[in-house]
Protein chains: 2
Amino acid sequence: MADGKAGGTKSGEALLFLTDEQLRKGIEAMFFAYRGFTADPDRILEEHGYGRAHHRALHFIARAPGTNVNNLLGILGVTKQSLNRVLRTLIDDGLVESRIGVQDKRERHLYLTETGKILEGEIAEVQRARMRAAYRKAGHEAVSGFRRVLEAMMDPDQTEFFNALSGKED
Amino acid sequence: MADGKAGGTKSGEALLFLTDEQLRKGIEAMFFAYRGFTADPDRILEEHGYGRAHHRALHFIARAPGTNVNNLLGILGVTKQSLNRVLRTLIDDGLVESRIGVQDKRERHLYLTETGKILEGEIAEVQRARMRAAYRKAGHEAVSGFRRVLEAMMDPDQTEFFNALSGKED
DNA sequence: TTGGAATGTCAACAAGGCTGACTTAAACTG
DNA sequence: CAGTTTAAGTCAGCCTTGTTGACATTCCAA
């Protein structure tokens, strides 16, 4: 409390003078934007009787086909039991296939079926569409700033997952 | 599908060439960042036996003291029954005060009590701290891009609430 | 061969969304 | 003034998605 505020130091270039008000706007922007971000997927999922948890599973299985359950648990940050319920549904509905590991037969490797790929693709497309539109509205010079702030906001372990998923090149 | 890709056109300045891969990274960044964004508040809330729903109510009451229930419903995008449960708890616990309207006695105007202000302030501070740190890490030129993309991602009605809450000046 | 890891399953529970139905009080309107 | 609409609250019940705890199975590795 006693620290910020006054810019006793040098330049003004590297130092950010962020009022609580500016920070609060950023916070509220995150809140409202996240709602928009999930709105389109939610609509499609609802038609199929699924929720966000199903989407998250589909997304990351699509992203890393053959991933095992433990890895998925780490990424999603939920309990085994919670994920299992969702996964069970997706497997029973024929959207996800669970193959027993070859080297380690305890592990189950997860893949999307053709049906699974269709639904995942449909959802991914509306989500990309919104992202595309947002980038376009904001201007391309906004994109890198957006991404940099988001990455800086993650917890370190989340950042690891994020980077591990990245296809290296951006 | 047949359109994007090839940059047949002029410059390259105004046009964005966004691969699905780049969009996907933005999507995943949103996912992981939002988790970071809520992590600190969640911790504090848990100590008090509250959840995110309580935080959202506290936040917007703090932001717009004297707001009525209907307005809050609009901002939060939940049902009356859902909000009521949370509000009931906060009122019973003495964090929120509900005053009958003067002009319109049907309305209830909501205010934080001193206790409510303390908890809200505590949560707001850790959230601002993370936002501040993220801005600092990302560099100040990233901030405006971040904000512009988020605003562009909102649904129009959410944008309205967002702007209505803003103290005009940024 | 035994300990531990990975997975799955059952049961129970809680938070926080939802819908629908209904009440009360106040305000508005013809 | 009567009737309708609006704001809020409440009751009951449902769903998703998170949580714990207990326990079985499988199978790798020391």
Side-chain angles (χ1 to χ4, degrees), chain A residues 31 34-35 38-39 41-61 66-93 96-111, chain B residues 31 34-35 38-39 41-61 66-93 96-111:
Chain A
F31 172 72
Y34 198 77
R35 283 234 299 246
T38 53
D42 283 354
R43 250 187 302 278
I44 295 176
L45 289 160
E46 201 187 12
E47 293 169 16
H48 295 258
Y50 295 130
R52 266 181 220 177
H54 300 87
H55 179 208
R56 291 195 285 265
L58 288 175
H59 175 99
F60 288 108
I61 294 171
T67 186
N68 63 32
V69 175
N70 241 8
N71 184 35
L72 205 50
L73 284 176
I75 293 172
L76 298 177
V78 297
T79 58
K80 183 175 58 159
Q81 295 88 332
S82 204
L83 174 60
N84 197 257
R85 178 170 35 201
V86 162
L87 227 39
R88 189 76 269 137
T89 314
L90 293 173
I91 292 170
D92 290 349
D93 292 358
V96 167
E97 198 194 335
S98 164
R99 298 187 207 149
I100 292 177
V102 208
Q103 281 142 25
D104 187 335
K105 292 179 192 164
R106 290 168 301 179
E107 293 182 352
R108 300 299 187 287
H109 298 283
L110 303 168
Y111 300 87
Chain B
F31 171 72
Y34 197 77
R35 283 233 299 246
T38 54
D42 283 354
R43 249 187 303 277
I44 295 177
L45 289 160
E46 201 185 14
E47 293 168 15
H48 295 259
Y50 296 130
R52 266 181 221 178
H54 301 88
H55 178 207
R56 291 195 285 265
L58 288 176
H59 175 98
F60 288 109
I61 294 172
T67 186
N68 62 34
V69 175
N70 245 1
N71 184 36
L72 204 50
L73 285 176
I75 292 172
L76 298 178
V78 297
T79 58
K80 185 175 50 158
Q81 295 89 327
S82 208
L83 174 59
N84 198 257
R85 179 170 31 198
V86 163
L87 224 40
R88 191 77 268 137
T89 314
L90 293 173
I91 292 170
D92 290 350
D93 292 357
V96 167
E97 197 195 334
S98 164
R99 298 187 206 149
I100 291 176
V102 207
Q103 281 144 24
D104 189 333
K105 293 179 192 162
R106 289 171 305 178
E107 294 182 349
R108 301 298 139 85
H109 298 284
L110 303 168
Y111 300 87

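Below, all heavy atoms of this structure are taken into account, side chains as well, without hydrogens, waters or symmetry copies. This structure is a prediction, so every number in the text was calculated from the model and none was measured.
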**Request:** Looking at every strand, decide which applies to B/Gln103 at a 4.0 Å heavy-atom threshold: base, sugar-phosphate, or nothing.
**Result:** sugar-phosphate

**Item:** Criterion side-chain contact (heavy atoms from CB on, under 4.5 Å) on A/Leu110 and A/Leu87, from CA distance to verdict
**Value:** CA-CA 9 Å; A/Leu110 303 168; A/Leu87 227 39; 3.9 Å; yes

**Prompt:** Tell me: CG of B/Leu90 to C1' of C/dG16, nearest whole Å?
**Reply:** 13 Å

Pairs: protein N or O with nucleotides 7-10 of chain C N or O, under 3.5 Å:
residue : atom : partner : partner atom : Å
C/dT7   : OP2  : A/Asn70 : N            : 3.3
C/dT7   : OP2  : A/Asn70 : OD1          : 3.3
C/dT7   : OP2  : A/Asn70 : ND2          : 3.4
C/dG8   : N7   : A/Lys80 : NZ           : 3.4
C/dG8   : O6   : A/Lys80 : NZ           : 2.8
C/dT9   : OP1  : A/Arg88 : NH1          : 3.4
C/dT9   : OP2  : A/Asn84 : OD1          : 3.2

**Request:** Measure the distance from CG on B/Leu76 to P on C/dG16 and round it to the nearest whole Å.
**Result:** 13 Å

**Prompt:** Reading DNA chain D 5' to 3', which nucleotide is the first, and which the last, to come under 4.0 Å of any heavy atom in chain A?
**Reply:** D/dT17 to D/dC28

**Message:** I need the A/Glu107 CD to A/Ile100 CD1 distance, nearest 0.5 Å.
**Reply:** 11.5 Å

**Asked** Taking atom CG of B/Asn71 and atom NE2 of B/His109, what is their separation to the nearest 0.5 Å?
**Response** 10.5 Å

**Prompt:** For DNA chain D, what residues of residues 51-61 of chain B have any heavy atom nearer than 4.0 Å?
**Reply:** none

**Message:** Can you tell me how the ring of A/Phe31 sits relative to the ring of B/Phe60, calling it parallel under 30°, perpendicular over 60° and tilted otherwise?
**Reply:** tilted

**Prompt:** Which of parallel (below 30°), tilted (30 to 60°) and perpendicular (above 60°) describes B/His48 and B/Tyr50?
**Reply:** parallel

**Request:** With DNA chain D as reference, determine whether A/Tyr50 or A/Val102 sits nearer its 5' end, using the nearest nucleotide of each.
**Result:** A/Tyr50

**Item:** Point-to-point distance, once rounded to the nearest 0.5 Å, from NE2 of B/His55 to OG1 of B/Thr38
**Value:** 10.0 Å

**Request:** Take atom CG of A/Asp42 and atom P of C/dC18, then tell me their distance rounded to the nearest Å.
**Result:** 11 Å

**Message:** Would you say that more than 12 heavy atoms from the other residues, nucleotides or ligands in this model lie under 6.0 Å from the CD of A/Glu47, or not?
**Reply:** yes

**Message:** Would you compute the distance between atom CZ of A/Arg52 and atom NE2 of A/His54 and round it to the nearest 0.5 angstrom?
**Reply:** 13.5 Å

**Asked** Is B/Gly49 touching bases, backbone alone, or none of the nucleic acid, heavy atoms closer than 4.0 Å?
**Response** nothing

**Asked** Hey, does the side chain of A/Arg99 reach the backbone of A/Gly66 with a donor-acceptor pair shorter than 3.5 angstrom?
**Response** no

**Request:** State the OG-CG distance between A/Ser98 and A/Leu90, to the nearest 0.5 angstrom.
**Result:** 11.5 Å

**Item:** Smallest separation among heavy atoms of A/Thr67 and A/Leu72, with atom names
**Value:** OG1-N, 4.3 Å

